[in-house]
Protein chains: 2
Amino acid sequence: MPINLTKKQLRNTGKGVESFSSVSSPRTNSSDRRRPGTVSIRDVALRAGVSIATVSRTVNRIPTVNPELAERVWKAIEEVGYLPNTQARALVSGRSHMLGLIVSEITNPFFPELIQEFESLAVAQGYEVLIGSTNYDPARTESLMRRLLQRNVDGVAVMTFGIEEDLVQKLVEREFPLVFVDAGPDLPNIHVLKVDYAEGIRQGVQHLAALGHRSIAFISGPLSQRSPKARREAFLKSMAELGLRVPPEHLVEGNHTMEGGIVAMEKLIALDTLPTAVMCSNDMTAIGALHALFRTTLKVPEDISVVGFDDIHLAQFMLPPLTTVQMSCKALAAAAVEALRAGIEPDHSKARRKEWPIPTRLVVRQSTAFPRGSLPARVSAAPGKRGDAD
Amino acid sequence: MPINLTKKQLRNTGKGVESFSSVSSPRTNSSDRRRPGTVSIRDVALRAGVSIATVSRTVNRIPTVNPELAERVWKAIEEVGYLPNTQARALVSGRSHMLGLIVSEITNPFFPELIQEFESLAVAQGYEVLIGSTNYDPARTESLMRRLLQRNVDGVAVMTFGIEEDLVQKLVEREFPLVFVDAGPDLPNIHVLKVDYAEGIRQGVQHLAALGHRSIAFISGPLSQRSPKARREAFLKSMAELGLRVPPEHLVEGNHTMEGGIVAMEKLIALDTLPTAVMCSNDMTAIGALHALFRTTLKVPEDISVVGFDDIHLAQFMLPPLTTVQMSCKALAAAAVEALRAGIEPDHSKARRKEWPIPTRLVVRQSTAFPRGSLPARVSAAPGKRGDAD
DNA sequence: GCCCAGATGGGAAACGCTTTCTAAAATCCG
DNA sequence: CGGATTTTAGAAAGCGTTTCCCATCTGGGC
């Protein structure tokens, strides 16, 4: 064992390690087929004249190392430019410190905002994030999930809908930490972010009603998915609470994209009884609706009010600035990261919580106003040409 | 060493393993602190009654395995639900099959489009992507780079600007595959995507000039960065070619965000000599400019023409649809992935190329038109109140 | 002076895989 | 039919860490 000997010798030189300071290149180490320039814990150990165990302990700040020794090790680390290899760490510790984040559509501006929040929180906790966009394709979701598992992520936040049940089943058996939005099986280590659609949407409906609107349409998202359905339900419930009728032609299905919003709005415009206000299942839809309206002679908000959902950054820059229901992506991201940590780190404080409420609230901007022909205080009873549909 | 013995025994059971086939749960294996439900190559080997080496060879499709045996192994893999552990693979092979992608701002819609392209190409080649957004902060860039290195990514595409030179230097020593946009050191394994700003921007300027514009302003990006500077240079050059003067007050600096575009446009609006057309360094800036104009009585394109750069998806949905210079993010992503592969996979075909041209071209939509008071065929000499400033 | 704790650091196993080396079986050839 | 050659599969050596266990050293109490 010549290496061993060398090490012993090195150690016995004690403090005389400085004599090696002139050795500038760390690549003069043992191994063969390693990528050149890679520095391993062994190089540090050699340089500092200690064992790799000590280096490891120093790096992980385990208190049983002599401070003096530790300092020598840190110096050596600095000198050789050592970066611990995360893969090896993951292999031995069983934890990769990577989280998966699955979103439905990265090109929908809501998600980059969410991703950014999620990522910065995760990084602050020492996690890396693997991002996947499913584009609403269940097959993609599944292959994505498989890839994430193979990469040994410590947990996955599924910020989308329509995941295969049996895949979940498999993961559940492993007690694999998962986070869903809106709904998920009630099983150990499955956390659910419960978005309070009802509250925000009720605020929206009541805001419109208070302005004098009675005929309010709703452009939904793809109804094959849970969250869009939940949003529509919330709308219908709020309308019913106020005793407002929603004729079926005022419920049109979009697809949460701008194009979908345009098409849906055009359908509404073509109706005989144009609603005086439109609520949309998300902001992109609302933006599409604004565009469709802009191409006609109808003015927003004078002729028709529009309300969005999400409160993406873009919303406030619309013309007019969009009144919308805010679903804080900060809150969403924070809850997701916390929930995953709870599942991953055994002694994490909030480990027992299973459901995480996400509040929503209306943000009033300038895309909503009194319907034409009615004023707020003095309710002029005369219905305009597209007045009260009740 | 009782543990050691146990292991040896397990291994020595050798071929007599078929007797274990009835053991249905894969979690009855040796290890202690492994996450429950994790299946390793050893479980497959036990199940199939072969050595782990054979399983490995089967999985990697190495042709020296007896087809009959291979089939048995595949069956066992299926039965126990084996997924190779990527970390372990990476550790031994030295290649992680992960790529880093650094963008400047994930909330700028151009980048999600780019990310999506990049990711799908990378995945098709068997790579995972780690995404990082720098938000124009060099410190963030550096820590991001460090994180990526620690994760052992096989290469990084830096689709942003302002990376620390000395960090690059360190990587270059390792012959670490890197891709930059516009400019980068001419060193082995550093690839550069050369965007042909000149062509697209010239087309834009000539389009405006052909319509009769003589007074064209330019809203740039942050001039501390290379790419925005390059775009501005290209604009100035194209103007000079046509003999058109650009007064300094017609060159205003934005920051590649919508807010920046609004502020910049407001500066232009406040001028005595309003330009008849504005070119913008990117689409978000142009969108901001449109918004600023919309708040005034000025009409686009009747009173002022606006041209963007990037051709993000949103551009065609603007009101009016935005005339813009297209920089194909498909081309950008494809070149980046190819370049990285060239640096990573020794026998990759295009390994020798160092610079990758990215074409740009004008896409004419409806935000550009004749300047007020001038018509294309019959040039009415009478200048309007904000006519030709030349 | 001796024995026993209590620190503290090193040796070595283990994580799951790839790959080389080696040995056994199968094939060929004279 | 025996020896040489070719398949083919297993054993084992890592990859870069962490961590358990044990050895050494120090100091204190008798």
Side-chain angles (χ1 to χ4, degrees), chain A residues 1 3-4 7-8 10-11 29-35 38-45 48-70 72-73 82-97 150-152, chain B residues 1-8 10-15 17 29-35 38-45 48-70 72-73 82-97 150-152:
Chain A
M1 298 163 188
I3 292 175
N4 202 348
K7 256 191 289 178
K8 282 264 164 67
L10 251 175
R11 217 207 289 164
N29 57 17
S30 44
S31 189
D32 340 311
R33 64 178 171 217
R34 275 175 37 196
R35 171 171 264 143
T38 305
V39 179
S40 93
I41 199 172
R42 216 160 259 117
D43 302 302
V44 179
V50 298
S51 74
I52 62 167
T54 301
V55 177
S56 173
R57 279 188 285 254
T58 306
V59 169
N60 294 309
R61 303 210 138 79
I62 288 173
T64 68
V65 290
N66 186 323
E68 191 187 318
L69 240 193
R72 213 163 86 219
V73 172
Y82 169 66
L83 285 179
N85 179 326
T86 330
Q87 325 243 27
R89 276 188 166 183
L91 187 57
V92 61
S93 72
R95 294 217 343 241
S96 66
H97 281 270
Q150 210 157 339
R151 292 280 168 187
N152 261 6
Chain B
M1 298 159 193
I3 292 175
N4 202 349
L5 252 176
T6 317
K7 254 190 295 173
K8 280 266 162 68
L10 247 175
R11 276 211 219 136
N12 290 349
T13 29
K15 301 239 157 172
V17 191
N29 56 19
S30 45
S31 188
D32 338 311
R33 64 181 169 216
R34 272 174 41 195
R35 170 171 265 146
T38 305
V39 180
S40 92
I41 201 172
R42 215 163 261 114
D43 302 301
V44 179
V50 298
S51 73
I52 61 166
T54 302
V55 177
S56 172
R57 280 189 283 253
T58 306
V59 169
N60 293 311
R61 301 210 141 76
I62 287 172
T64 67
V65 288
N66 186 323
E68 192 187 316
L69 241 192
R72 212 161 88 222
V73 172
Y82 169 67
L83 284 179
N85 179 326
T86 330
Q87 324 243 28
R89 274 187 169 186
L91 188 55
V92 61
S93 72
R95 295 219 338 241
S96 66
H97 281 270
Q150 210 157 341
R151 291 279 168 188
N152 261 5

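As the structure is a prediction and not an experimental result, all values here were calculated from the model. Chain naming here is simple, since letters A, B, ... match the order of the sequence lines and numbering starts at 1 in each.
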Counting distance only, does the side-chain N/O of B:Asn66 pair as donor-acceptor with the main-chain N or O of B:Glu68 below 3.5 Å? yes
Quick one: A:Arg89 CZ to C:dG16 P, roughly how many Å, whole number? 19 Å
Per atom distances to the A:Ser56 side chain, the nearest of D:dT18, C:dC17, D:dG16 is D:dT18
Send over the distance from B:Gln87 CD to C:dC17 C1', rounded to a whole Å. 12 Å
Just how far, in rounded Å, is P of D:dC15 from CG of A:Asp43? 11 Å
Any idea which of D:dT18, C:dG9, C:dG16 is nearest the A:Thr54 side chain? C:dG9
To the nearest 0.5 Å, how far apart are OG1 in A:Thr86 and CG in B:Leu91? 11.0 Å
Kindly compute the distance separating CZ (B:Arg151) from CD (B:Gln87), expressed to the nearest 0.5 Å. 8.0 Å
Atom pair distance, as rounded to whole Å: CG in A:Leu91 and P in D:dG14: 17 Å
Closest nucleotide among C:dG16, D:dT17, C:dG11 to the A:Ala53 side chain: C:dG11
Pairwise distance CZ(A:Arg89) to CG(A:Asn60) - rounded to 0.5 angstrom: 5.0 Å
With a 4.5 Å heavy-atom cut-off, do A:Thr58 and A:Leu69 have their side chains touching? no
Candidate nucleotides D:dG16, C:dC17, C:dG10, ranked by approach to the side chain of A:Ser51 - the nearest: C:dG10
Can you name the nearest heavy-atom pair linking B:Tyr82 to B:Val39, along with the distance? CD1-O, 3.6 Å
By a strict heavy-atom criterion of less than 4.0 Å, which residues belonging to residues 57-66 of chain A are in contact with DNA chain D? A:Arg57, A:Asn60
May I have the distance from B:Asn85 (atom CG) to D:dG16 (atom P), rounded to whole angstrom? 16 Å
What is the distance, rounded to the nearest whole Å, between atom CG of B:Leu69 and atom P of C:dA26? 13 Å
Reported CG-to-CD distance for the pair A:Asn152 and A:Gln150, which is rounded to 0.5 angstrom: 9.0 Å
Interatomic distance where CZ belongs to A:Arg95 and P belongs to C:dG16 [whole Å]: 16 Å
What's the CD-P distance between A:Glu68 and D:dC25, to the nearest Å? 17 Å
